[in-house]
Participant: 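Okay, here's the structure, questions in a sec.
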Amino acid sequence: MRYLIVRTDVREPGLDGPTKARDERRYPETRRQVASAVDRDSAMRMARALAACGAVRAGRQRVKVIRLGF
């Protein structure tokens, strides 16, 4: 499996469109950094490294690990 690791900005509450529910397909968060990994262990190591960033620790950004289907 392949994995995508993404560091994004956290949106302000209520900026997700008319429904007020978080909808990543229609209103995705702004990406700051993107990386890929071949296996889950390396993806989690990379995510932990990105999570050490001050903006992530302060809650202004978040790290997502997404499993790709191929």
Side-chain angles (χ1 to χ4, degrees):
M1 282 281 158
R2 298 214 20 111
Y3 291 85
L4 186 67
I5 302 98
V6 183
R7 184 168 56 102
T8 64
D9 288 335
V10 175
R11 281 191 298 261
E12 295 293 326
L15 296 180
D16 292 315
T19 62
K20 304 288 186 201
R22 192 168 129 187
D23 186 0
E24 285 293 320
R25 292 181 186 214
R26 287 188 180 168
Y27 307 104
E29 294 177 336
T30 305
R31 292 179 181 174
R32 291 294 176 187
Q33 195 169 8
V34 179
S36 64
V38 177
D39 60 359
R40 186 177 185 277
D41 290 336
S42 60
M44 295 309 287
R45 264 186 266 130
M46 291 175 75
R48 278 192 292 272
L50 290 175
C53 174
V56 175
R57 292 177 26 195
R60 294 187 307 269
Q61 295 179 349
R62 71 178 60 150
V63 177
K64 302 173 186 178
V65 178
I66 303 164
R67 186 180 72 182
L68 302 176
F70 50 88

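Basis for what follows: all heavy atoms, side chains included, without hydrogens, waters or symmetry-related copies.
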Participant: Return the OG1 to CD distance between Thr30 and Gln61, rounded to the nearest 0.5 Å.
Facilitator: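 With rounding to 0.5 Å, OG1 (Thr30) is 10.0 Å from CD (Gln61).
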
Participant: Of all heavy-atom pairs between Arg2 and Ser36, which one has the smallest distance, and what is that distance?
Facilitator: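 It is NH2-OG, 3.2 Å.
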
Participant: Closest heavy-atom contact between Arg62 and Glu29?
Facilitator: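 That closest heavy-atom pairing would be NH1-OE2, 3.1 Å.
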
Participant: Suppose we screen for salt bridge (Lys or Arg N to Asp or Glu O under 4.0 Å). Which residues come up paired with Arg45, at least two apart in sequence or across chains?
Facilitator: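 Testing Arg45 for salt bridge (Lys or Arg N to Asp or Glu O under 4.0 Å), a comparison that skips the adjacent residues, returns none.
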
Participant: Could you tell me which non-hydrogen atom of Ala43 sits nearest to which non-hydrogen atom of Val65, and how far apart they are?
Facilitator: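 Of all heavy-atom pairs spanning Ala43 and Val65, the closest is CB-CG1, 4.2 Å.
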
Participant: Could you tell me which non-hydrogen atom of Ile5 sits nearest to which non-hydrogen atom of Ala47, and how far apart they are?
Facilitator: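 The pair with the smallest heavy-atom distance is CG2-CA, 4.1 Å.
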
Participant: With rounding to the nearest 0.5 Å, note down the distance linking OH in Tyr3 to CD1 in Ile66.
Facilitator: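 Between atom OH of Tyr3 and atom CD1 of Ile66 there are 12.0 Å.
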
Participant: Might you point out which heavy atoms bring Arg7 and Cys53 nearest each other, and give the distance in Å?
Facilitator: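 Scanning both residues completely, I find the closest heavy atoms to be NH1-SG, 3.8 Å.
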
Participant: Kindly work out whether a path of hydrophobic side-chain contacts (I/L/V/M/F/W/Y, heavy atoms less than 4.5 Å apart) joins Val56 to Val10.
Facilitator: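 No, separate clusters.
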
Participant: Grouping I, L, V, M, F, W and Y whenever their side-chain heavy atoms are under 4.5 Å apart, do Leu50 and Met44 come out in a common cluster?
Facilitator: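 Yes, one cluster joins them.
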
Participant: Using side chain to side chain donor-acceptor pair (under 3.5 Å) as the criterion, list what pairs up with Arg32, not counting sequence neighbours.
Facilitator: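 Checked Arg32 against side chain to side chain donor-acceptor pair (under 3.5 Å); matches are Asp9.
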
